[in-house]
Student: 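Okay, handing you the structure first.
As a basis for the values below, the full set of heavy atoms in this structure was taken, side chains included, without hydrogen atoms, waters or symmetry mates. Remember, it's 1-based here, ligands and their atoms both numbered in the order they're listed. Numbers here simply count residues along the sequence, with the first being 1.
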Amino acid sequence: MQRKKYLNGLGHVKAIFFDMDGVIYDSMGNHSEAWSKAFGYMGWDFPLEQVYLNEGRTGSSTIHLLYQEKLGRSATNEEIELIYGKKTEFFDSMVRPLPLQGISKLMEKAKSAGMEIWVVTGSGQDLLLEELCNDFSGLVQKEKIISGKDVTNCKPHPEPYLTALARSGYTPDQVVVIENAPLGIEAAKAAGIFTIGINTGILEDEILWYSGADVVVKEVYQVEELIFVSELE
Ligand code: CA
């Protein structure tokens, strides 16, 4: 972890923009299994590494990608509806993923320090977002979630993060992003925001660095240190 040179100033940010899957919830295992089963319905393989490399896209974008790869064309709306419906069905039938260790504590600390908590996710599943607000009652509010339904262009496009900036009224230098996925990091950096990569998945740290992360850590407590333990120099 290269925290030394970034330490000054992070404690003074006005808001933290959290990605959801793989940052708030330990949910990537469920997502990858659900995608695998949904594409398996088409007889297509969607290897685990590919799931992680494409994490952050909206459902329809992921489906278009596989259709391009397998059939050389985009998916139709009906095909998207079918595959995404199956993926959602599989995902909803699984045991609910748990929050990442320490994430509530980090949010509590951010709130106590007067920082706003925003969630910027490619997910567009209403039920999941409702559960998010319930699980993090008093910390995450519906009106501070930018979901896949709020944008035209998904990560790695900066639109999700630019939308969060516009709605929150903050400038990029007043905000920190926490992301676990390469495309999410690219999106946040393209929006000009300091980005902490938390590597909770199966990819090498290098992939997160190459995507432009300002710092890469493994655990939530390290994020907390980066933002709040300013005496570490
Ligand atoms: Ca993620």
Student: So, using ring-ring contact (aromatic ring centres under 6.0 Å, His included) as the criterion, who are the partners of Tyr52 when residues are at least two apart?
Tutor: none
Student: So do the side chains of Tyr67 and Met42 get within less than 4.5 Å of each other, counting heavy atoms only?
Tutor: yes
Student: Which residues satisfy the ring-ring contact (aromatic ring centres under 6.0 Å, His included) test with His157, sequence neighbours excluded?
Tutor: none
Student: Evaluate whether atom CD of Glu81 has more than 12 neighbouring non-hydrogen atoms of other residues, nucleotides or ligands under 6.0 angstrom away.
Tutor: no
Student: Closer than 3.0 Å to the Ca ion (ligand 1), what protein N/O/S atoms do you find?
Tutor: Asp19 OD2, Asp21 O, Glu55 OE2, Asn180 OD1
Student: Is Leu162 isolated, or which residues cluster with it under the ILVMFWY side-chain rule of less than 4.5 Å, directly or via members?
Tutor: Phe17, Trp118, Val120, Ile146, Val151, Tyr161, Leu165, Tyr170, Val175, Val177, Ile193
Student: Which heavy atom of Asp214 sits nearest a heavy atom of Thr195, and at what distance?
Tutor: OD2-N, 2.8 Å
